[in-house]
Amino acid sequence: MMARWFARGDDTGLLRIGALLLVLVWTALAVAGLFWNQRKEERETVELARVQARTLAEKMIVYRHWNARHGGVYVEADETTPPNPYLSNLPERDVVTPSGRVLTMVNPAYMLREVFQLETSLLGLSGRITSLQPINPANAPDAWERTALARLAAGEKEVAAVMDGDAGDFLRYLLPLKTEAECLKCHAHQGYELGNLRGGLSVSVAIAPLREVRRPRLWLAYAGTGFFWLLGLGIILGGGWRLDSQARRRSRAECRVRFLDHHDQLTLLPNKAAFLAELAREIDRSRHRDNGAFALLLIDIDGFKKINQALGHGRGDSLLCQVGKQLQRLVGERGLVGHLGAGAFPVIFPLGEAIIDAGHLARELISSFASPFIIDGQEIFISCGCGITFFPDDGDEPAVLLQNAAGALQAAKARGRGQIGYYAPEMNDRALAQMRLENELRRALDGDELLLYYQPQVDADSGQVIAAEALVRWRHPRLGLIAPDRFVPVAEESGLSLALGDWVTATACRQLREWQRQGRALVPVAINLSVSQFQRPGLDDYMQRRVEEAGIAPADLILEVTEGVLMHHTHQVRSTMANLKKLGFRIAIDDFGTGYSSLSYLKHFPIDALKIDQSFIRDLPEDADSRGIVAAIIALGANLGLKVVAEGVETREQFDYLLSRRCINIQGYYYSPPLAAEEFAQWLDARMGR
């Protein structure tokens, strides 16, 4: 287990190892503490035995001094205390009292022997006198006593030692006996002089009873040590668990950060940096394979920006997640799916027969999007385009391959929805031209290359011009007049749509003011507001400032918005529309019928008009589907009390069909193409008979 922790090499494993080592160290300290307490208690028990032995020995010395000072003590001779045979040389050993009692002398040695016998019988302590030159053979020293007497002779004040016996270990203790003046009376003939070591008092104390007396103290020490060991163990384990939890949380967070560094946070697929790194590794692997070709597919959701605006970013994100999961499921182990952002999903696909396999996979993936996605209970239909490029034919660097796949994708989208495109070298020229167009558009917004054209809207019943739509054109110094369908998508993709919309608003307001200054009867001008303009906070205040600065009325402007604005259906959108309506602006829904909105949304907004998209007008009256859609929109407008404008009317047949359905507001080439401001003024004058 420890090896596995070391192998992991993470904070959690190291913390566990550290905790284990702390537990082992703490346990070793606890065991050492127990051992130390046991040794300490043993030392104190032995010391207590020594104290008892010393106390007995010193007490015996006091008795001896008392006896010797009195020259011995006479007691009645009997069986217990018979005359001392070793004092037979003393004439006064025995004395007969007048009453006839026989008294015998008890000298210090004799008395101490008697007292030791009483101590042994009463207290369990044993002792005796031992002598270097014993008169009584019983006082001859044993082996230990001889060694102890030698140490006393060498200068030690006492000698003690713990020894084993049949009844358990015991302490042996020897205290020196020195020759004193009283001793010379009986021992001078042995050659002793005053102060000589003559022997010692030997005492034995059993240790086991003392251990029993002190055992509660030892158990208390054990309990204390055990308590602190458990307390420390709890602190170590608790602290280790806490640190381990923190380390695991930190490790998970770091893993999450590392994961998100290389994966898209929304779809959890490899992000651009990680995908390019894997693409570089695939290039390196392919260079070392016999058949090292592989395909790079770039799949992109058609019109995702508009879909995202229509659905709202929350549901747009859900759509991306479902698309990513579906692509990953379909590709499986055959390749690697990434997410570059927005609706773009690249796929690395190792190949056998490169072109055939890549085409089959691309068609399989694109066909899978025929079924709708369910987002918040709503069916969402999408289509995808796919650009395909190959290694090594179309590039040998990750960035080049991805760029070329993007060029192939752009070419596919130019042909329509759900198309597949293969890279061709001339695509880079078109991409370069597109980038150049974007840069030149930025310059055009700061210069005088943009201009507004105006296309009238006519009441077919009265023939009166009821409004004009302002349409932006670009007079390029090199390319000539550029239609909006070429540069407006560039503005949307490059983030210039807000600036372009502001330019259109300001220019239309100035033109209305100029026509007013010229004394012309004004017709309302319709301007298109992009979703980004409408989502800008304070749009109502901005529009009010614009008309006030131009000196025109809000009713002189019709604000055209797409269905994508309605789909947001937020309080801000409704509030902004209500404020604009209150200020006097008119609001129309442009290109109605092509968006993703529910018709029930219309009742929530202060709308004045619906504009039928020209894609439905174009096939009138031949196409039955177009007839049905147009009839439905006209009926819807009539039921809701909204003006209905048909745009893109070009032929007499279209015009007659619309009049037959009572759609009388007509915009298109049938009456007039879009005209420059001066030409429109002249056309209007001619129309009004001025």
Sequence neighbours excluded, the answer for salt bridge (charged side-chain N to carboxylate O under 4.0 Å, His left out) partners of Glu514 is Arg517
Hits for salt bridge (charged side-chain N to carboxylate O under 4.0 Å, His left out) against Arg586, two or more places apart or cross-chain, chain-then-number order -> none
Contacts table for residues 463-474: side-chain donor-acceptor under 3.5 angstrom, sequence neighbours left out:
| from | atom 1 | to | atom 2 | distance (Å) |
| --- | --- | --- | --- | --- |
| Glu469 | OE1 | Lys611 | NZ | 2.8 |
| Glu469 | OE1 | Gln667 | NE2 | 2.6 |
| Glu469 | OE2 | Asn528 | ND2 | 3.0 |
| Trp474 | NE1 | Glu449 | OE1 | 2.8 |

Contacts of Asp461 meeting side-chain hydrogen bond (donor to acceptor under 3.5 Å, both in side chains) (sequence neighbours excluded), chain-then-number -> Arg662
So the ring pair (Phe, Tyr, Trp, His ring centres under 6.0 Å) pairs with at least one residue in residues 439-464 (sequence neighbours excluded) are Tyr454-Trp515, Tyr454-Phe680
Sequence neighbours excluded, the answer for side chain to side chain contact (heavy atoms under 4.5 Å, CB included) partners of Ala631 is Tyr657, Arg661
With sequence neighbours left out, the residues meeting side-chain hydrogen bond (donor to acceptor under 3.5 Å, both in side chains) with Asp394 are Thr389
Does the side chain of Ser371 reach to within under 4.5 Å of the side chain of Gln326, using non-hydrogen atoms?
-> no
Flag the pair Ile299 / Val323 as yes when at least one side-chain heavy-atom distance between them is below 4.5 Å, and no otherwise. no
Sequence neighbours excluded, the answer for side chain to side chain contact (heavy atoms under 4.5 Å, CB included) partners of Phe655 is Ala460, Val649, Arg652, Leu659, Ile666, Tyr670, Tyr671
Sorted by chain and residue number, the side-chain hydrogen bond (donor to acceptor under 3.5 Å, both in side chains) partners of Tyr669 (sequence neighbours excluded) come out as none
Checklist entry - Can we say Lys582 and Asp540 salt-bridge, meaning some charged N sits less than 4.0 Å from an Asp/Glu carboxylate O? => result no
Taken in chain and number order and not counting sequence neighbours, the residues that satisfy side-chain hydrogen bond (donor to acceptor under 3.5 Å, both in side chains) with Asp608 are Lys581
Hits for side chain to side chain contact (heavy atoms under 4.5 Å, CB included) against Lys325, two or more places apart or cross-chain, chain-then-number order -> none
By side chain to side chain contact (heavy atoms under 4.5 Å, CB included), Gln419 pairs with (sequence neighbours left out) Ala412, Arg415
